[in-house]
2 protein chains.
Amino acid sequence: MAAAQPLKPTDAELEILQVLWQNGPSTVRFVNDELNKTKEVGYTTTLKIMQLMTEKNMVRRDESNRSHVYEALLKEEATQKQLLNKFLDTTFRGSASRLVMQALGSHQTTPEELNQIRELLNKLEGGSK
Amino acid sequence: MAAAQPLKPTDAELEILQVLWQNGPSTVRFVNDELNKTKEVGYTTTLKIMQLMTEKNMVRRDESNRSHVYEALLKEEATQKQLLNKFLDTTFRGSASRLVMQALGSHQTTPEELNQIRELLNKLEGGSK
DNA sequence: AACCAACTACGAAATTATTCGTAATTCATT
DNA sequence: AATGAATTACGAATAATTTCGTAGTTGGTT
């Protein structure tokens with residue numbers, strides 16, 4: 001045990017991580033309530049998965065209160081990057097540009113976000129033009 | 001049976017679809033050989049999954065020859081779009097721009113591809129500037 | 001100090017996906 | 001027309017994940 005950071009979360013684990021990333025350290029009750037805004041899932045199911053995540057060192061648990069408080073140990077950006085790599089590989093055969101084109105083409109993006117992306121493009125191309 | 005197009009392929013199915021998309025209609029033997037360039041997988045395993053895919057109408061099978069020839073029915077772009085939607089949701093909470101930034105930031109992209117993306121940005125922003 | 005609501009622990013069932021062994025079939029070659 | 005290599009069909013084992021019931025624990029309130 002005591003596995004290193006690069007552990008790929010499953011779907012259920014990722015949903016829980018999202019709640020923890022967005023809201024900070026939380027109880028099982030809170031996480032389960034959040035999840036139930038989207039889909040029905042039993043309390044003990046959420047509890048169980050969070051217990052497993054604790055064993056895998058994906059989260060840390062503060063047991064000083066009766067209701068344990070869980071905190072994400074996996075970093076959001078690093079985890080996203082890792083999942084992105086795999087997704088890029090399996091779905092787009094590694095072509096980042098094709099993924100980007102698809103993502104931009106079929107999803108709502110605000111002008112501000114587009115500008116951010118444009119700036120990044122400028123940097124990547126060497127700044128000029 | 002006779003399910004509609006929007007069927008989410010599993011990982012193993014996606015690997016097979018990639019081979020079919022890249023090489024056109026192929027036999028199990030060919031697909032299995034391709035897969036084995038990357039990872040070890042038994043012939044009957046590949047066969048079985050392709051048979052299941054046939055039942056799900058993900059592929060069509062030409063049985064006129066002894067070695068059946070399988071052809072992808074799912075369209076590459078449509079499938080990618082569908083998987084992208086889900087991935088975007090679960091991993092980036094729906095923020096396409098964050099995904100794009102990550103993808104561009106940490107992956108090799110050629111100047112030509114960057115230009116393609118820039119053109120798309122222009123179109124999305126209303127053409128000017 | 002008994003009660004009760006909320007919580008944790010744990011085992012096991014259910015679900016989904018993957019893997020493969022074995023038997024049956026086919027066809028080209030002898 | 002018998003042989004054998006390659007193929008398909010199929011059932012079942014394995015694996016991975018998710019789900020949840022039940023039992024036990026805890027701590028505040030009466």
Side-chain angles (χ1 to χ4, degrees), chain A residues 1 3 6-20 25-36 38-71 74 79 83 86-87 90-91, chain B residues 1 3 6-20 25-36 38-71 74 79 83 86-87 90-91:
Chain A
M1 62 241 39
L7 253 183
K8 183 182 167 275
T10 66
D11 284 350
E13 289 168 348
L14 188 56
E15 285 179 337
I16 289 171
L17 284 172
Q18 295 287 10
V19 175
L20 296 180
S26 311
T27 62
V28 175
R29 173 62 58 198
F30 178 82
V31 171
N32 187 247
D33 285 349
E34 287 297 307
L35 295 183
N36 272 281
T38 299
K39 62 158 190 178
E40 187 156 331
V41 56
Y43 178 86
T44 54
T45 300
T46 302
L47 170 66
K48 176 68 159 191
I49 292 181
M50 291 177 78
Q51 287 171 340
L52 293 175
M53 290 171 79
T54 303
E55 282 173 14
K56 295 184 190 173
N57 287 312
M58 287 176 163
V59 299
R60 165 170 47 205
R61 165 167 74 183
D62 176 353
E63 307 182 358
S64 60
N65 297 302
R66 173 138 121 80
S67 298
H68 299 173
V69 175
Y70 291 77
E71 175 189 358
L74 295 189
T79 304
L83 293 174
K86 194 202 175 231
F87 180 70
T90 58
T91 305
Chain B
M1 69 257 15
L7 253 184
K8 184 183 167 275
T10 66
D11 284 349
E13 289 167 348
L14 189 55
E15 284 179 337
I16 289 171
L17 284 173
Q18 296 287 11
V19 174
L20 296 180
S26 311
T27 62
V28 175
R29 173 63 55 197
F30 178 81
V31 170
N32 187 248
D33 285 349
E34 287 296 308
L35 295 184
N36 272 281
T38 298
K39 61 158 191 176
E40 187 156 330
V41 56
Y43 178 86
T44 55
T45 300
T46 302
L47 170 66
K48 176 67 158 193
I49 292 180
M50 291 177 79
Q51 286 171 339
L52 293 174
M53 290 171 80
T54 304
E55 281 172 15
K56 295 183 189 173
N57 287 312
M58 288 176 163
V59 300
R60 165 169 51 205
R61 166 166 74 184
D62 176 352
E63 307 182 358
S64 59
N65 297 302
R66 171 137 120 83
S67 296
H68 300 172
V69 174
Y70 292 76
E71 176 188 357
L74 296 188
T79 304
L83 293 173
K86 196 208 173 224
F87 180 71
T90 59
T91 304

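First the proteins, then the strands, lettered A, B, ... as listed; each starts at 1. Because only heavy atoms are used, hydrogens play no part in the values below, and waters and symmetry mates are left out as well, while side chains stay in.
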(message) Rounding to an integer number of Å, can you tell me how far B/Leu52 CG sits from C/dT19 P?
(response) 12 Å
(request) With rounding to the nearest 0.5 Å, note down the distance linking CG in B/Asn36 to OH in B/Tyr43. (result) 12.0 Å
(request) Could you please name the option among C/dA5, C/dT8, C/dT22 that lies closest to any side-chain atom of A/Tyr43? (result) C/dT8
(message) Nearest whole Å is fine: how far is C/dT18 P from B/Met50 CE?
(response) 14 Å
(request) Report yes if a side-chain nitrogen or oxygen of A/Gln51 is closer than 4.0 Å to either non-bridging phosphate oxygen (OP1 or OP2) of C/dT8; otherwise report no. (result) no
(message) Nearest 0.5 angstrom please: B/Asp62 CG to B/His68 NE2, how far?
(response) 8.5 Å
(request) Please state how far atom CZ in A/Arg61 lies from atom P in C/dC7, giving the value in whole angstrom units. (result) 15 Å
(request) Taking A/Asn32 for its side chain and A/Val28 for its backbone only, find out whether a donor-acceptor pair lies under 3.5 Å. (result) no
(request) Provide, to the nearest angstrom, the distance between the CD1 atom belonging to A/Ile49 and the P atom belonging to C/dA9. (result) 15 Å
(request) Starting from C1' on C/dT8, measure out to NZ on A/Lys48 and report it in whole angstrom. (result) 11 Å
(request) Specify the separation, in whole Å, of atom CZ of A/Arg66 and atom P of C/dC4. (result) 16 Å
(request) Using the heavy-atom set of chain A and a strict 4.0 Å cut-off, write down the first and last nucleotide of DNA chain D that makes it in, 5' to 3'. (result) D/dT17 to D/dG27
(request) Specify the separation, in whole Å, of atom CD of B/Glu55 and atom P of C/dT18. (result) 15 Å
(request) Indicate whether OP1 or OP2 belonging to C/dT19 is found under 4.0 Å from a side-chain N or O atom of B/Thr44. (result) no
(message) Less than 4.5 Å apart, side chain to side chain, heavy atoms only: is that true for A/Thr54 and A/Arg60?
(response) no
(message) If we ignore hydrogens and angles and just use 3.5 Å, is the side chain of B/Gln18 paired with the main-chain N or O of A/Thr91 as donor and acceptor?
(response) yes
(request) Report yes or no: does A/Thr45 contribute a side-chain atom to a donor-acceptor pair with the main-chain N or O of A/Val41 at less than 3.5 Å? (result) no
(message) Rounded to whole Å, please give me the gap between CG in B/Asn65 and P in C/dA28.
(response) 10 Å
(message) Under a 3.5 Å distance rule, please check whether B/Thr38 uses its side chain to pair with a backbone N or O of B/Glu34 as donor and acceptor.
(response) no
(message) Just to be sure I understand the rule, does B/Thr45 reach a base, reach only the sugar-phosphate, or reach nothing, if contact means heavy atoms closer than 4.0 Å?
(response) base
